[in-house]
Structures are given as structure tokens and as C-alpha cells.
Amino acid sequence: MPVEEHDGHSLAAPAPLARDFFDRPAHEIAPDLLGRVLVHGPVALRLTEVEAYGVPGEDPASHTYRGRTPRNAVMFGPPGHLYVYFTYGMHFCVNLTCLPEGTGSGILLRAGEVISGAGTAMARRRAGSARAVREVDLARGPARLAVALGFTLEHNGLDVCVPGSLFVTEGDPVVAASIRSGPRTGVSSGKETPWRFWIDGDPTVSPHRPHVPRRR
DNA sequence: CTCCCGATTGTCT
DNA sequence: GACAATCGGGAGA
């Protein structure tokens with residue numbers, strides 16, 4: 001939607017990334033997503049940390065490892081859509097689907113820097129909690145990110161490659177020299193695969209926690 | 001049906 | 001650093 005400037009020229013809204021951006025393997029897209037901007041209504045987020053999850057049968061850490069189910073069906077759909085899931089009985093996490101229809105793969109959005117709509121994000125994050133939230137913590141962690149951007153299961157399956165209130169745009173791609181990678185966070189299988197990618201030194205990147213088995 | 005555990009986080013010691 | 005909260009997915013009987 002063009003926005004009218006005072007002189008009558010139209011100022012184009014940022015264009016969504018094309019769908020073929022997402023028509024690649026997750027581990028290839030993931031580092032390329034760093035510095036890109038996810039917009040949802042008033043809140044815009046510069047991505048600083050993501051994790052790639054691979055195709056069925058090849059990545060035991062992926063929700064799609066054992067094939068298609070009602071929960072993970074969106075991952076098997078076309079690329080460039082939100083896959084939102086509910087976990088630990090209380091949290092939502094957000095992925096972007098990739099690879100063509102029929103292939104279950106995606107990228108988990110783990111953290112980012114809120115660059116617009118911080119007031120909205122802060123209100124969402126503080127709801128139901130007495131403690132203050134630092135700006136850098138607004139979307140520092142996948143479930144916090146979902147809250148800050150206002151994502152719930154209602155948003156599962158939405159397209160992020162069309163203009164409107166939800167899309168991913170170019171942002172400022174991060175040069176390879178400032179990208180780090182390592183094992184994914186909190187996964188019990190596929191521990192060796194270094195498919196977590198983050199911007200080196202960025203304060204909005206979440207602390208890495210290795211997987212710990214639940215106590216009895 | 002039962003059982004186990006999770007792509008987490010906030011709070012307390 | 002430890003642990004509770006809280007419930008649904010998926011495996012297996």
C-alpha cells in the first residue's frame with residue numbers, strides 16, 4: 001500500500017521478499033535471513049538469530065522428521081508461510097516454511113531486535129507480569145519473539161510473501177564475516193548439526209542452552 | 001487409552 | 001544454577 005507523502009509523491013512500502021527466496025534448503029536460507037525484517041502490523045523485527053530445520057527423515061530434531069501430521073502440515077505446504085506451534089503447554093514459536101510444497105522444512109525465528117512498534121511489543125510482553133522488560137529482551141528467545149510480534153496459532157499458515165500487514169522484507173543483509181553458527185538450542189537429537197545462526201555480538205541474541213532431559 | 005517429553009521461560013535460591 | 005508451570009503431540013499397548 002503506497003503511502004502519500006506531503007508533496008504528493010508516493011512512498012512505497014517495503015516490498016516483501018519474493019517467494020523464491022524461501023525455495024531453498026533451510027540451512028542456506030537461515031544465515032541469509034539475518035538482518036532481514038519481519039513486519040506484523042505495527043511491530044517490525046530485525047532478525048538476529050535463527051535455526052534451520054531440515055527435511056523429513058534426515059533431521060531428527062525437526063517436527064517433520066516422522067512425516068506429515070495435522071500439527072506440522074504447514075511445513076509441508078508452499079514456502080514463505082508461517083508455521084506456528086504451541087509448546088511446553090504455554091508458549092508459541094514461529095517458523096518460516098521453505099522448499100517446495102510437499103517438503104517439510106523451515107527456519108525457526110529465535111530472536112530479533114524490535115525496530116518499530118516497541119511500545120506495542122512492550123505492552124504485550126509485560127501483560128500479566130510485574131517485572132520490567134528491557135528493550136533488548138523484547139524478542140530475545142523464540143517464545144518471547146512470538147509474544148512481541150503478537151503471533152499465536154491463529155497465524156499458522158499465513159503467507160509472508162504478499163504485501164499487507166504481514167511480510168518479510170529485505171532489511172540489511174548481514175555480511176558473512178559477522179555471522180556465527182553452532183549447534184541448535186534445546187534439541188535432544190541432531191546435536192551435532194550447526195544449524196543455529198546468529199549475528200556476532202548482537203545483544204538481542206538469546207543465550208544458548210544445551211538440551212537438558214526433564215527431571216522426574 | 002497411558003506415558004513421556006518437548007525447537008521455553010520466569011522466578012527463586 | 002535449579003525448577004515449576006502446563007498441555008498437546010506422538011508412540012506404543
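Every heavy atom of this structure was used, including side-chain atoms; hydrogens, water molecules and symmetry mates were not. Throughout, protein chains are lettered first and strands after them, A, B, ... in sequence-line order, and every chain is numbered starting at 1. No experiment lies behind these values; they were computed from the predicted model shown.
In this structure, A/Asn72 atom CG and B/dG6 atom P are separated by 18 Å, rounded to whole Å. For the pair A/Arg144 CZ and B/dT8 C1', the computed distance is 9 Å after rounding to whole Å. With rounding to whole Å, A/Leu82 atom CG is found 19 Å from B/dA7 atom P. Atoms OH (A/Tyr88) and C1' (B/dA7) sit 8 Å apart, rounded to a whole Å. Separating the CZ atom of A/Arg126 from the P atom of B/dG10 is a distance of 13 Å, rounded to the nearest angstrom. Distance, A/Met75 CE to B/dA7 P: 11 Å, rounded to whole Å. Note: CG (A/Asn156) to P (C/dG8) measures 15 Å, nearest angstrom. Rounding to whole angstrom units, CZ of residue A/Phe86 and C1' of C/dG9 are separated by 12 Å.
Proximity note for A/Met90 (side chain, C-beta onward) versus B/dT9, B/dA7, C/dA5: the nearest is C/dA5. Closest contact between the side chain of A/Ala143 and the listed nucleotides B/dT9, C/dG10, B/dT11 involves B/dT9.
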Next item on the list: I would like to know whether A/Leu82 and A/Phe151 meet side chain to side chain contact (heavy atoms under 4.5 Å, CB included); could you show each step before the answer?
Entry: CA-CA 10 Å; A/Leu82 294 184; A/Phe151 288 130; 3.6 Å; yes

Next item on the list: Could you walk me through whether A/Tyr85 and A/His63 pass ring-ring contact (aromatic ring centres under 6.0 Å, His included), step by step?
Entry: CA-CA 10 Å; A/Tyr85 69 91; A/His63 286 177; 4.5 Å; yes

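A salt bridge links A/Asp32 to A/Arg36: at least one charged side-chain nitrogen sits closer than 4.0 Å to a carboxylate oxygen. Electrostatic pairing of A/Arg46 and A/Glu113 counts as a salt bridge here, judged by a charged N lying under 4.0 Å from a carboxylate O. Ion pairing between a basic and an acidic side chain is recognised when a charged N comes within 4.0 Å of a carboxylate O; A/Asp137 and A/Arg125 show no such pairing. Between A/Arg140 and A/Asp202, none of the side-chain N atoms (NZ, or NE/NH1/NH2) sits under 4.0 Å from a carboxylate O, so this pair counts as no salt bridge.
Side chain to side chain, A/His208 and A/Thr185 meet the donor-acceptor criterion of an N or O pair below 3.5 Å.
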Check: Reading DNA chain C 5' to 3', what string of ( ), [ ], | and . shows its pairs, if Watson-Crick and G-U wobble pairs count only when both distances fall under 3.5 Å?
Finding: |||||.||||||.

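Note on A/Thr87: every side-chain N or O is 4.0 Å or more away from OP1 and OP2 of C/dG8. A close approach under 4.0 Å does occur between a side-chain nitrogen or oxygen of A/Arg110 and OP1 or OP2 of B/dT8. Within the structure, every side-chain polar atom (N or O) of A/Arg140 is placed at least 4.0 Å from both OP1 and OP2 of B/dT9. Remark: A/Arg71 is not in phosphate contact with C/dG8, judged by side-chain N or O atoms under 4.0 Å from OP1 or OP2.
The gap from the P atom of B/dA7 to that of C/dG1 amounts to 23 Å, rounded to the nearest Å.
Residue A/His211 is classed as a sugar-phosphate contact, given heavy-atom separations below 4.0 Å to backbone atoms only. Among the atoms of the strands shown, only primed sugar atoms or phosphate atoms (P, OP1, OP2) are found under 4.0 Å from some heavy atom of A/Arg125.
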